[in-house]
Amino acid sequence: MPEITLETKQTKPVNANQSVPPSNDTVARFIVKQLEAWGVKRIYGVIGDANLDLLDELAKQSGIRYIACRHECGAALMASAEAKLTGTVGVCLGTSGPGIANLLNGLADAAADRASVLALTGQVETFKIGTGAKQYIDQQKLASPIAAFTELVAHPDALPDLMKTALTQAQQRGEVAHLSVPKNLFRQTVRGSVSAYAPHLHQPLHIPDGIIEETADWLRAAQKPAILAGSGVRGAAGQVVELAELLDAAVVTTMPAKALFPNDHPQYAGGLGQAGSEASSILFAES
């Protein structure tokens, strides 16, 4: 084995000399392109001076439709509803100060139901952050009780990684993600490239045969089975109907999953909880 000398020893990362190619896109244009690459079709928002450049960029393209709302809470609720209904990331937009404050109720709805939502908010200029300037608020502190991921874009070159992380967190974990962008960054150029939705991020789970067989044995042995269906059955709603009929089991749904089982099916017992039915509570108690 050859002796490692100072001349041959690796002293830098192997990618240390690799440069990040410029995208020639402004921050505003990059955001739009990145969202479109992830299949975003709509953005719900309210106009404000801290997000004007992003709205201007949205007006120059046709891939993403901007839905103007009267109140930020409505915008966040719409994004939450889209995420619940489609399984994709819902996106809402607000401005600094009262803009993000008004988003919180709608974002809390998304967080409670584990809906994949990305909130984008304008922020005061970078040189005004922390100075108590008009409409400045520490958005990360404000959003952190609700958003699983919240970051300030402090430099244009950080945007590609932050966008990718925020979208991944929202899509894969069913969480609220949030990015605040200072208004003076929207026109600056980004170094980096748009990342498409990577196939490895959404692979089907492979369950060992033994676990499936054991579960089937439990179901066959159940004397009075009942099924609680949540939003996790999305994409397998038809199979839930087949299973319920095979087991002659009553079916109860959570509120987000109410549309995933035929409400006129004779084995549907209604919802669970305060907005549910008395029959569902009795059935679970007996099961």
*List the steps, then state whether side-chain contact (heavy atoms from CB on, under 4.5 Å) holds for D161 with K164.*
CA-CA 5 Å; D161 285 341; K164 186 176 180 180; 5.6 Å; no
Apply salt bridge (charged side-chain N to carboxylate O under 4.0 Å, His left out) to K183 and D53, showing your working. CA-CA 8 Å; K183 62 187 293 185; D53 286 307; over 6 Å; no
Just do the side chain to side chain donor-acceptor pair (under 3.5 Å) check on S96 and Q135 with the steps written out, would you?
-> CA-CA 6 Å; S96 57; Q135 292 201 174; 3.1 Å; yes
#### Entry: Audit row: I31, L120, side-chain contact (heavy atoms from CB on, under 4.5 Å) steps and yes/no
CA-CA 10 Å; I31 290 173; L120 298 170; 3.8 Å; yes
Apply the test side chain to side chain donor-acceptor pair (under 3.5 Å) to residues T95 and N51: give CA-CA distance (whole Å), side-chain angles for both, the deciding distance (0.1 Å), then the verdict. CA-CA 6 Å; T95 190; N51 60 25; 4.6 Å; no
Practice problem: List the steps, then state whether side-chain contact (heavy atoms from CB on, under 4.5 Å) holds for N105 with E72. | Solution: CA-CA 9 Å; N105 272 342; E72 289 87 355; over 6 Å; no
What do the steps show when you test Q140 against T150 for side chain to side chain donor-acceptor pair (under 3.5 Å), and what is the final call? CA-CA 6 Å; Q140 278 57 59; T150 173; 3.2 Å; yes
TODO: Start with the C-alpha distance between V91 and V117, add both sets of side-chain angles, then the distance that settles side-chain contact (heavy atoms from CB on, under 4.5 Å), and finish with yes or no.
DONE: CA-CA 6 Å; V91 181; V117 170; over 6 Å; no
**OP:** For side chain to side chain donor-acceptor pair (under 3.5 Å), just list the numbers for H265 and E245, CA-CA rounded to whole Å, side-chain angles, deciding distance to a tenth of an Å, and then say yes or no.
**Re:** CA-CA 10 Å; H265 194 285; E245 293 174 347; 2.9 Å; yes
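Under a 4.5 Å side-chain heavy-atom criterion applied to ILVMFWY residues, the cluster that includes F261 comprises L219, I227, V233, V240, V241, L243, L247, V251, L260, Y268 as well.
Here CD of E278 is found 10.5 Å from CG of L283. Values are rounded to the nearest 0.5 Å. Rounding to the nearest 0.5 Å gives a distance of 10.5 Å between OH of Y197 and CG of L167. To the nearest 0.5 Å, atom OG of residue S180 and atom CG of residue D138 are 8.5 Å apart. Between the CD1 atom of I137 and the CD1 atom of I100 there is a distance of 7.5 Å, given to the nearest 0.5 Å. Atom OG1 in T254 sits 8.0 Å away from atom CG in D113 (nearest 0.5 Å). Residue K33 holds its NZ atom at 13.0 Å from OG of S195, rounded to the nearest 0.5 Å.
When hydrophobic clusters are built by joining Ile, Leu, Val, Met, Phe, Trp and Tyr residues whose side-chain heavy atoms come closer than 4.5 Å, directly or via intermediates, V153 is grouped together with F149. Linking ILVMFWY residues whenever their side-chain heavy atoms come closer than 4.5 Å, directly or via other members, places I47 and L58 in the same cluster. V181 is not connected to L107 by any chain of hydrophobic side-chain contacts under 4.5 Å among Ile, Leu, Val, Met, Phe, Trp and Tyr, and they are in different clusters. A continuous path of hydrophobic side-chain contacts links V194 to F186 [ILVMFWY only; heavy atoms under 4.5 Å]. Residue L152 is not grouped with residue V190 when hydrophobic side chains (ILVMFWY) are merged at heavy-atom distances under 4.5 angstrom, including chains of intermediate members.
Considering only residues two or more places apart in sequence or on other chains, H71 meets the side-chain hydrogen bond (donor to acceptor under 3.5 Å, both in side chains) condition with none of them. With sequence neighbours left out, E57 forms a side-chain contact (heavy atoms from CB on, under 4.5 Å) with T26, A28, R29, V32, K60.
In plain terms, the two heavy atoms of P156 and V27 that are nearest each other are CB-CG2, 3.9 Å. Across all their heavy atoms, E36 and G63 have their closest contact at OE2-CA, 3.4 Å. Residues S116 and A83 approach most closely at O-CB, 3.2 Å, considering heavy atoms. In plain terms, the two heavy atoms of A147 and H178 that are nearest each other are CB-CB, 4.2 Å. Minimum heavy-atom separation, G271 to S280: O-OG, 2.7 Å. For A257 against S231, the heavy-atom pair with the smallest separation is CB-N, 3.7 Å.
In this structure a side-chain-to-backbone donor-acceptor pair under 3.5 Å is missing from Q123 to I129. Looking only at distances, no side-chain donor or acceptor of R42 sits under 3.5 Å from a matching main-chain atom of I64. Side chain of N102 to main chain of P98: a donor-acceptor pair is present (N/O by atom type, distance under 3.5 Å, no hydrogens or angles). Formation of a donor-acceptor pair under 3.5 Å by the Q139 side chain with backbone atoms of G122 is found in this model. Under the 3.5 Å distance criterion, the side-chain polar atoms of R234 are matched with a main-chain donor or acceptor of K84. Q267 places a side-chain N or O within donor-acceptor distance of the main-chain N or O of A244, the cut-off being under 3.5 Å. Checked by atom type and distance alone, the side chain of D157 pairs as donor or acceptor with a backbone atom of R191 at under 3.5 Å. No donor-acceptor pair closer than 3.5 Å links the side chain of Y44 to the backbone N or O of L93. With hydrogens and angles disregarded, no donor-acceptor distance shorter than 3.5 Å links the side chain of W38 to the backbone of V89. Counting only distance, with no hydrogens or angles, the side chain of Q169 and the backbone of G174 share no donor-acceptor pair below 3.5 Å.
At least one side-chain heavy atom of L103 sits less than 4.5 Å from a side-chain heavy atom of C92. In this structure, the side chains of L228 and F284 come closer than 4.5 Å at one or more pairs of heavy atoms. Proximity of L104 to I146: side-chain heavy atoms (C-beta onward) are separated by under 4.5 Å at one or more points.
Looking at R220 and D217, a side-chain N of the basic residue comes within less than 4.0 Å of a carboxylate O on the acidic one, giving a salt bridge. Classification of D248 and K224 as a salt-bridged pair fails, no side-chain N sitting under 4.0 Å from a carboxylate O. Classification of K128 and E125 as a salt-bridged pair holds, one side-chain N sitting under 4.0 Å from a carboxylate O.
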